[in-house]
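Quick notes on the structure that follows.
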Amino acid sequence: MENDRFEQRGQIPREDYAESRENRHMKYERNRGRIGRAAIDLRVYASLWIDSFRLGLIDNLSALFSTLFGVISLLIFLGMAITFFAVGFTWLLGEWIGSLLGAIFIMGGVMTFLAIVMFSLRKTLVLNPSIRMLSRMIYDLSQKYNEDEKS
């Protein structure tokens, strides 16, 4: 009698609710068809593409930071070596010309000349290689995604 009342109102009795919900879900899944499956496939593809992009980004960023760390370490050690050589050469030059103050000024002039040369060649020595490295990373990343889309 109570079930008749639910049926008249178009409602489902509580005990049948869970079972009918599963049945409705199964009917929905069956009736979704190609568009529904295509939407699911598109969602999965987008998720995989985002994961692939993240992994490529992590790969390129790790290569970038390791390269930067190597360059900075090299510059620090090279700067220390140049400092020691400059001090030793200044002392030797001071002994040779007889004036330590004159040797310091000569080495100051040599260091200034080297700084001007380095500044004038900064594009070919520093900027162009770093731009080439970054552009190669971006190009490799785009090539990797093009290959993934072809397969």
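All heavy atoms count here, side chains included; hydrogens, waters and symmetry mates do not. In what follows, residues are counted from 1 in the order of the sequence shown.
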Short side-chain to backbone donor-acceptor contact, S62 and I58, under 3.5 Å: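 Checked: pair present.
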First locate atom [atom1] of [X], then atom [atom2] of [Y], and finally report the distance between them rounded to the nearest 0.5 Å.
X    : Y    : atom1 : atom2 : value
I116 : M111 : CD1   : CE    : 13.5 Å
W91  : I104 : CH2   : CD1   : 13.5 Å
S47  : L42  : OG    : CG    : 11.0 Å

Any heavy-atom pair between the side chains of I97 and I106 that's under 4.5 Å?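 The answer is yes, as the side chains (C-beta and beyond) meet within the 4.5 Å cut-off.
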Side chains of L48 and S52, heavy atoms from C-beta outward: is any pair under 4.5 Å?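 Heavy-atom side-chain distance check fails, nothing below 4.5 Å.
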To check you understand the geometry: which heavy-atom pair defines the closest contact between G94 and A103, and what is its length?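 Nearest pair, atom of G94 first, then A103: N-CB, 3.3 Å.
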Heavy-atom closest pair, residues G102 and S99: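 Residues G102 and S99, closest heavy atoms: N-OG, 3.1 Å.
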Exceeds 12 heavy-atom contacts within 6.0 angstrom, atom CE of M118: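 At most 12 heavy atoms, drawn from other residues, nucleotides or ligands, come within 6.0 Å of this atom.
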Show me the donor-acceptor pairs within less than 3.5 Å that the side chains of residues 67-90 make with the rest of the protein, sequence neighbours left out.
| residue | atom | partner | partner atom | Å |
| --- | --- | --- | --- | --- |
| T67 | OG1 | A63 | O | 2.7 |
| S73 | OG | F69 | O | 2.9 |
| T83 | OG1 | G79 | O | 2.7 |
| T90 | OG1 | A86 | O | 2.6 |

